[in-house]
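These notes concern the structure reproduced below.
Numbers here simply count residues along the sequence, with the first being 1. When a ligand or atom number is given, it counts from 1 through the structure's own listing order.
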Amino acid sequence: MPGRDVIEQLGSGPVILPSLLLCDFANLQHEVEQLQQAGIRGLHLDVMDGQFVPNLTYGMPIVDALRKVTEMPLDVHLMIEQPGRYLKAFANAGADLLTVHLEACEDIVSTLSEIRSLGMAAGVAMNPSTDIDRIEPALSVADLVLVMSVPAGFGGQPFEPAALEKTRQLASRDDGEWILEMDGGLNLETISPCRAAGAQWLVIGSAIFKQPSYSDAVDALLAAANS
Ligand code: DX5
Ligand code: ZN
């Protein structure tokens, strides 16, 4: 399955994925180079539609632009209503992994299956307010489970510790082949409990992009994750 390649390429962690929400979009290529120099091996892209979440960001053209300047895996987090309408477009733009929100899909199993059939790895995300039981049907067809530790929509929100329990529950299962990712409010203090709970991929926005040196920020975050 081609989509699994990206999962194997990045490995089971800890992997830090910078969220390109707060980066300098006027100098995207330079940002990517700086991140690469900081040891980053994959990028997390937050696509928001102003409907599923109040915020509006970017779509296929930015994925396409990034694809042209890097071979790093692109982990695309769709925070959009009825994501099924755009799966093929994101595949064509160069996404390697496409994560859809459980709350935004009428039929999560068929959406994830379609993502896989388009050659991408398939991720399912859930918001902090979503009951963990609702994710059950998705688990048999997911390559990645994204536990949101803030309500999807904005960078810079405070970490919600209740997400740790969800991660712990998912990590304790022995029937899954999915990667566990956490996203939202991760920083030098919160990254260590996320790792301890079982998170493998760690999405980080402010704690990288609001720092003067990406390298120093990534080194410190990895040290904290491994502590
Ligand atoms: C929130 C996004 C996150 C966010 C992370 O909806 O999915 O990826 O940008 O940013 P921080 O690390 O600042 O919470
Ligand atoms: Zn995200």
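In summary, E136 and R173 engage in a salt bridge, as defined by a charged side-chain N under 4.0 Å from a carboxylate O. Between R67 and D96 a salt bridge is recorded (basic side-chain N to carboxylate O distance below 4.0 Å).
Counting only protein N, O or S atoms, the number found under 2.8 Å from the Zn ion (ligand 2) is 4.
Side-chain contact between L20 and I62: absent, with no pair of heavy atoms (C-beta onward) separated by less than 4.5 Å.
In this structure, a donor-acceptor pair under 3.5 Å is present between the side chains of Y214 and E31. Defined by atom type and a distance below 3.5 Å, a donor-acceptor pair is present between the side-chain atoms of H77 and D183. A donor atom on one side chain and an acceptor atom on the other are not found under 3.5 Å apart for N127 and T130. One side chain, D46 or S19, offers a donor N or O that lies under 3.5 Å from an acceptor on the other.
Of the options V6, V124, T99, L112, a side chain to side chain contact (heavy atoms under 4.5 Å, CB included) to L144 is made by T99 and by none of the others.
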One pair to check against side-chain contact (heavy atoms from CB on, under 4.5 Å): R134 and M126. What are the steps and the verdict?
CA-CA 9 Å; R134 281 189 57 197; M126 74 182 142; over 6 Å; no
Can you list every pair where an N/O of ligand 1 is under 3.5 Å from an N/O on the protein?
residue  : atom   : partner : partner atom : Å
ligand 1 : 6 (O)  : G153    : N            : 2.8
ligand 1 : 7 (O)  : D46     : OD1          : 2.9
ligand 1 : 7 (O)  : H77     : ND1          : 3.3
ligand 1 : 7 (O)  : D183    : OD2          : 2.9
ligand 1 : 8 (O)  : S19     : OG           : 3.4
ligand 1 : 8 (O)  : D46     : OD1          : 3.2
ligand 1 : 8 (O)  : D46     : OD2          : 2.8
ligand 1 : 8 (O)  : D183    : OD1          : 2.7
ligand 1 : 8 (O)  : D183    : OD2          : 3.0
ligand 1 : 9 (O)  : S19     : OG           : 3.0
ligand 1 : 9 (O)  : D46     : OD2          : 3.4
ligand 1 : 12 (O) : G205    : N            : 2.8
ligand 1 : 13 (O) : G156    : N            : 2.8
ligand 1 : 13 (O) : S206    : N            : 3.0
ligand 1 : 13 (O) : S206    : OG           : 2.4
ligand 1 : 14 (O) : G185    : N            : 2.8

